[in-house]
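Following: one structure in structure tokens, then a few remarks.
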Amino acid sequence: MKIDRSDLINRVREMKASGYTYLVKITAVDYKDHVDALYFLRDISKGNDAILEISLDPKDLWVPTIIKEHTSADWYEREMSEMFDIEIKNRGAPRLLLEKWDGKSGPLRKSFAWGEDYIK
Amino acid sequence: MTITRINIGPIHPSTHGVLRLVADIDGDTIVRVEPHIGFLHRGVEKLAETRMYMQNPPYMEKLDYLAPMSYDEAYVAAVEKAMGIEVKERAMYIRVILLELQRIASHLFFIGTIGNDLGQMFTLFMWAYMDRDMVIDLLEEATGSRMFYVNMRLGGVVRDLPPDFEARTLEKLNYLQKRMGEYESFIEKNPVFGERMKGVGVLSSEKALDLGVTGPVLRASGIEYDVRKNSPYYVYDKLHFEIKILTKGDNFARYKIRLLEIKESIRLVREAFKRIPEGDALGMPVKLRSPATKEKVAVISREVPKGECMMYLVADDQKPYRLSIRSPNFINLMSISHLAQGVRTADLFATLGTLDLVMGCVDR
């Protein structure tokens with residue numbers, strides 16, 4: 001289900017109230033012209049899964065944190081932030097979770113130079 | 001209250017890999033623990049984007065070197081879904097048999113190493129390792145390899161089961177079934193195990209959901225969720241087995257649930273052998289070009305020994321455009337900050353041990 005990032009927190013809260021209490025994963029996909037942030041939620045008792053999809057402009061990459069709604073979002077958000085250079089708003093600046101690649105972040109972005117491009 | 005900060009790691013025998021813990025302690029009580037990860041971050045997801053579809057399974061196996069086949073299978077299943085390939089019926093049974101043997105091997109390793117974490121060196125470890133070796137022998141017979149199997153091919157497996165494999169497997173499983181009773185009496189009658197496991201590192205069911213833990217850790221806290229039952233794949237819906245649930249959510253429950261799961265896996269393998277049909281089980285040979293993908297996105301969930309592994313594959317023509325791996329170890333490790341609060345310093349490692357972590361899978 002596609003949503004706007006401004007609706008994320010409210011949507012997550014509503015879904016949590018309706019049974020989607022389990023956050024399976026947060027990740028992102030870089031489609032070059034836009035970056036999709038994906039939130040996988042689950043209603044454990046019914047076994048239903050839902051995906052929230054937020055399309056982001058590569059020049060304005062940020063999403064609000066949902067750590068107050070799901071504690072499990074902590075590491076997922078930090079991982080997504082480091083791997084895709086997406087800023088997570090309203091949660092300060094947590095310690096780096098994985099690692100920084102030569103001072104650059106966002107190794108899972110398509111524009112990240114590595115391999116032969118990196119040597120050049 | 002005087003808080004002392006101690007650094008543990010970046011390596012500890014309690015973890016199968018490299019982990020650093022920064023713990024604040026008051027006397028002998030843990031006040032706060034923060035895991036530092038990333039030492040084994042290889043960028044597997046990025047690597048996968050540069051390899052052809054069937055060049056990736058060996059990388060997936062290195063995620064969890066105690067259950068490599070489970071990750072190999074999860075990845076291949078995601079590719080099969082993207083390509084719209086049906087798995088042959090006999091191959092489905094073979095996959096289930098091998099995956100359950102893999103689960104037994106992984107859980108036996110856990111039972112062995114939890115003894116070490118509690119200072120019970122090395123009787124239990126030798127017992128469990130000996131029994132695990134027996135299961136690994138079976139996997140070697142079926143796949144030709146003892147550690148990294150790479151036994152999945154699109155639509156099937158690399159090789160069919162060898163002659164008389166069923167008889168040899170059942171004989172070993174009968175032995176293993178008896179051994180489970182010995183493990184139980186060895187561990188559960190030991191007062192040291194009881195004191196350091198029962199009531200230590202308690203995780204309530206509400207908190208387990210909030211922290212997003214998965215697999216045996218989730219089920220030990222009373223949440224009934226197992227991908228094999230809730231979203232059945234292959235022939236799991238035809239086979240009879242139970243999801244084992246314990247409610248206390250302590251270290252002991254996390255040990256016991258894995259022991260119970262070994263028994264269920266033995267049951268599953270026995271039944272799968274009864275139902276396995278004759279026929280062809282071989283998958284497509286690996287060629288330079290794989291079949292074209294039909295779906296843009298494939299999402300697959302699998303119950304691997306450590307919990308739920310989800311593969312989110314965005315398909316390109318011949319390579320994954322993006323592969324996101326939901327690692328069960330990653331999210332289970334995050335819960336240590338909560339679990340360790342208030343436990344004694346020595347019990348931190350018992351608690352960490354019951355999460356059954358493989359750091360290669362945490363960091364990816």
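Numbers restart at 1 for each chain; the letters A, B, ... are given by sequence-line order, proteins then strands.
E308(B) places a side-chain heavy atom less than 4.5 Å from the side chain of R42(A). Residues P58(A) and Y31(A) form no side-chain contact, since every pair of their non-hydrogen atoms from C-beta on lies 4.5 Å or further apart. Contact annotation: the side chain of I243(B) approaches that of R219(B) to within less than 4.5 Å [non-hydrogen atoms, C-beta and beyond]. Using a 4.5 Å heavy-atom threshold, the side chains of P35(B) and S337(B) count as touching. Within the 4.5 Å cutoff, the side chain of L41(A) has no heavy atoms near those of the V24(A) side chain. Using a 4.5 Å heavy-atom threshold, the side chains of I331(B) and V213(B) count as separate. Contact annotation: the side chain of L108(A) never approaches that of D30(A) to less than 4.5 Å [non-hydrogen atoms, C-beta and beyond].
For A73(A), no part lies under 4.5 angstrom from a heavy atom of chain B. Residue contact with chain A, scored on non-hydrogen atoms closer than 4.5 Å, involves the side chain of L218(B) exclusively. If you measure heavy-atom distances from E79(A) to chain B, the contacts under 4.5 Å come from the side chain alone. In this structure, chain B has a heavy atom under 4.5 Å from the side chain of F40(A), while its backbone stays farther away. Looking at S335(B), there are no atoms closer than 4.5 Å to chain A (heavy atoms on both sides), in backbone or side chain. Residue L23(A) touches chain B through its backbone alone, counting heavy-atom pairs closer than 4.5 Å.
Listed by sequence position, the residues of residues 74-84 of chain B in contact with chain A number zero, using a 4.5 angstrom heavy-atom cutoff. Of residues 225-242 of chain B, those residues with a non-hydrogen atom less than 4.5 Å from any non-hydrogen atom of chain A are, in numerical order, Y225(B), N230(B).
With chain A as the partner, the residue from I223(B), D363(B), L333(B) showing the most heavy-atom pairs under 4.5 Å is L333(B). Most heavy-atom pairs under 4.5 Å with chain B: of the set A28(A), S45(A), G47(A), this distinction falls to A28(A). Chosen from E34(B), E45(B), E224(B), the residue pairing most often with chain A at heavy-atom distances under 4.5 Å is E34(B). Counting heavy-atom pairs closer than 4.5 Å to chain A, the top residue among H338(B), M310(B), K207(B) is M310(B).
Looking only at atom types and distance, the side chain of R326(B) has no donor-acceptor partner in the side chain of Y312(B) under 3.5 Å away. If you check the side chains of E77(A) and T65(A), you find a donor sitting under 3.5 Å from an acceptor.
The aromatic ring centres of Y76(A) and F330(B) sit less than 6.0 Å apart.
By the 6.0 Å contact criterion, NZ on K110(A) is enclosed, its count of non-hydrogen atoms from other residues, nucleotides or ligands being greater than 12. Crowding of K296(B) atom NZ: a count of heavy atoms from other residues, nucleotides or ligands under 6.0 Å exceeding 12.
Taking the charged nitrogens against the carboxylate oxygens, K16(A) and E69(A) have no contact shorter than 4.0 Å, which rules out a salt bridge. By the 4.0 Å N-to-carboxylate-O rule, R322(B) lies too far from D36(A) to be salt-bridged with it.
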